[in-house]
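Scroll down for the structure; my scribbles are underneath it.
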Amino acid sequence: MKKMTKMLSVILTVAMMAAMLVACGSSDSKKSDEKTESTDSKDTIKFGTNAEFPPFEYVTQEGVIGEFDGIDIAIAKDIAEENGMEAEVENMEFDSLIVALQNGQVDAVIAGMTVTDERAEAVDFSTPYYTATQVMVVKDGSDITKASDMEGKKICVIQGYTGETCVKDLGYDYEAFKKGTEAIMELVNDKCDVVVIDSATAQKYVADNDGLKIVEDNDAFDSEEYAIAVQKGNTELLDKINTAIEKLISDGKVSEYAAKYTDADAE
C-alpha cells in the first residue's frame, strides 16, 4: 500500500509538472501572438486629415486611399509605400487633428497644415513639402483689389485655417465655417464679399465656380509651408517620413501631384 501510495504521488507530481509546462507554453504562445500583433500594427501608418480642402484632401467615390484623394493623400500613400507600409486615413475636423495626434488616435497628420511656432510647441513637423500663400476669392466685378479693401466687408474664412489667423491679425470681423465649400457657397450666393483661403485651394474653387476670381496681396499675406505633424519625440516615424518626402520632392512627384490635382475635378 505504501509503495502504491508513493507511486501514485510520483504520478501526480509528474502530471502537475506537465500541466504547468502546458500552461507556460500557452502563456508564451499568447505573448508571442501579442508580440506579432504589435509588430503587425506597425505595418500601417494612420494619417489624420480634414477632407474638406481640395485639391489637397477631399472625399470622392474612389480615391487613392479608400474614399480619400488629393495631393496630400497621394503623398501619404507614397510615404507609407516607401517604408514598406500601408496608409490609412481618418477624417475629422481640422481643429481636432492635433489633439487626435497627441492622444495616439492617429500616427501622423497630413492636412495642408501650415508650420507655425504655436503648433511646433505641440507637435514635431516634417520637412516641408509645399509652399503656399493666402489669397482672397471674390466675385467678378468686386472692388476688392488688396487686403485693406476688405475693411467693412463681409469676410468668410475656414475655422482653424491660416486664413482665419490672417484676417484676425488684420483686425477685421469675419465669419468662420468648418468647410471650405460652405464659405465659397456664401460668396456664390452673395451672402459675403470675400473668402480668404490658401492659394491652391482657391484655384480649385475658382475653377469649379463660374464668376469667381482670385485677388493676391503679397504685402499682406506671407508665404507659408505645409508639413506633416507627428507626436513630439517620435523621431523614428519622423525620420521615415522625412526620408520619403525628400525622395518625393527630388523625384518631382510632389510637383506632379500638385499639377494633377489642381486641374482635377474634386467631387
Side-chain angles (χ1 to χ4, degrees), residues 49-58 70-72 92-99 109-123 125 128 130-227 229 258 262 266:
T49 197
N50 172 241
E52 297 288 345
F53 192 53
F56 289 90
E57 39 267 323
Y58 57 89
I71 298 171
D72 283 350
M92 61 188 74
E93 291 183 5
F94 190 84
D95 285 349
S96 302
L97 288 168
I98 289 181
V99 174
V109 168
I110 185 165
M113 182 171 281
T114 302
V115 178
T116 66
D117 291 339
E118 182 180 0
R119 288 173 180 159
E121 292 178 2
V123 302
F125 278 111
Y130 193 91
T131 300
T133 188
Q134 295 300 301
V135 297
M136 295 163 283
V137 180
V138 299
K139 276 200 162 184
D140 290 338
S142 170
D143 59 356
I144 296 175
T145 61
K146 55 186 181 299
S148 58
D149 292 335
M150 291 193 296
E151 185 173 5
K153 304 288 188 181
K154 185 168 182 182
I155 306 168
C156 287
V157 299
I158 294 83
Q159 184 177 322
Y161 284 18
T162 306
E164 181 179 17
T165 303
C166 290
V167 173
K168 187 183 297 183
D169 289 345
L170 288 169
Y172 299 148
D173 293 330
Y174 61 85
E175 184 174 0
F177 291 84
K178 290 185 177 181
K179 298 180 180 181
T181 49
E182 293 175 347
I184 291 295
M185 283 302 103
E186 288 289 292
L187 179 61
V188 169
N189 295 323
D190 294 319
K191 293 182 179 180
C192 76
D193 302 302
V194 56
V195 176
V196 179
I197 197 169
D198 299 64
S199 52
T201 304
Q203 291 172 21
K204 184 61 197 165
Y205 285 137
V206 167
D208 289 346
N209 296 275
D210 293 335
L212 302 184
K213 67 177 182 179
I214 292 173
V215 176
E216 299 178 352
D217 188 342
N218 294 330
D219 292 330
F221 303 124
D222 294 328
S223 62
E224 56 193 281
E225 295 181 316
Y226 295 167
T262 299

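Values in this document were obtained by computation on a predicted structure and should not be read as measured data.
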Nearest-0.5 Å distance, [atom1] of residue [X] to [atom2] of residue [Y]:
| X | Y | atom1 | atom2 | value |
| --- | --- | --- | --- | --- |
| Y58 | D72 | OH | CG | 11.5 Å |
| N50 | K178 | CG | NZ | 10.5 Å |
| K191 | E182 | NZ | CD | 11.5 Å |
| S142 | M150 | OG | CE | 10.5 Å |
| I155 | L170 | CD1 | CG | 8.0 Å |
| M136 | K213 | CE | NZ | 10.5 Å |

Q: Tell me, please, which residues at least two apart from Y205 pass ring pair (Phe, Tyr, Trp, His ring centres under 6.0 Å).
A: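 So Y205 forms no ring pair (Phe, Tyr, Trp, His ring centres under 6.0 Å) with any residue.
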Q | ring pair (Phe, Tyr, Trp, His ring centres under 6.0 Å) involving Y130 - partner list, sequence neighbours excluded | A |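 Per chain and number, Y130 pairs via ring pair (Phe, Tyr, Trp, His ring centres under 6.0 Å) with F56, Y226.
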Q: I would like to know whether Y161 and F53 meet ring-ring contact (aromatic ring centres under 6.0 Å, His included); could you show each step before the answer?
A: CA-CA 10 Å; Y161 284 18; F53 192 53; 5.0 Å; yes
How close do [X] and [Y] get, heavy atom to heavy atom, and via which atoms?
| X | Y | value |
| --- | --- | --- |
| A229 | M113 | CB-SD, 4.3 Å |
| G163 | V157 | O-CG1, 3.9 Å |
| A227 | V115 | CB-CG2, 3.5 Å |
| A202 | I197 | CB-CG2, 3.7 Å |
| A176 | E164 | CB-OE2, 4.2 Å |

(Q) Check D190 with K139, please: is the shortest side-chain N to carboxylate O separation under 4.0 Å? (A)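 Counted as a salt bridge, because a side-chain N and a carboxylate O are separated by less than 4.0 Å.
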**Q.** Under 3.5 Å donor-acceptor, D217 side chain and A147 backbone
**A.**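 Judged by distance alone, yes, a pair lies under 3.5 Å.
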Report, as yes or no, whether the 6.0 Å neighbourhood of atom [atom1] on [X] holds more than 12 heavy atoms from other residues, nucleotides or ligands.
| X | atom1 | answer |
| --- | --- | --- |
| D169 | CG | yes |
| D173 | CG | no |
| E151 | CD | no |

Who are the side chain to side chain contact (heavy atoms under 4.5 Å, CB included) partners of [X], not counting sequence neighbours?
| X | value |
| --- | --- |
| C192 | K154, C156, E186, L187, V195 |
| M185 | V188, N189, N209 |
| V206 | V137, L212, I214 |

Kindly indicate whether the side chain of [X], heavy atoms from C-beta on, has any atom under 4.5 Å from the side chain of [Y].
| X | Y | result |
| --- | --- | --- |
| L97 | R119 | no |
| Q134 | T165 | no |
| V123 | I98 | yes |

(Q) Out of the candidates T133, T114, T116, only one should pair with E224 under the side-chain hydrogen bond (donor to acceptor under 3.5 Å, both in side chains) rule; please name it. (A)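 By the side-chain hydrogen bond (donor to acceptor under 3.5 Å, both in side chains) criterion, E224 pairs with just one of T133, T114, T116: T114.
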(Q) The criterion is side-chain hydrogen bond (donor to acceptor under 3.5 Å, both in side chains); which residues satisfy it with K168, sequence neighbours excluded? (A)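 Result, side-chain hydrogen bond (donor to acceptor under 3.5 Å, both in side chains) vs K168: none returned.
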Q: Classify the side-chain pair E93/Q159 by whether it contains a donor and acceptor separated by less than 3.5 Å.
A: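 Not at all, the side chains of E93 and Q159 share no donor-acceptor pair under 3.5 Å.
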Q: Could you check F94 against I158 for side chain to side chain contact (heavy atoms under 4.5 Å, CB included), going step by step and ending with a plain yes or no?
A: CA-CA 10 Å; F94 190 84; I158 294 83; over 6 Å; no
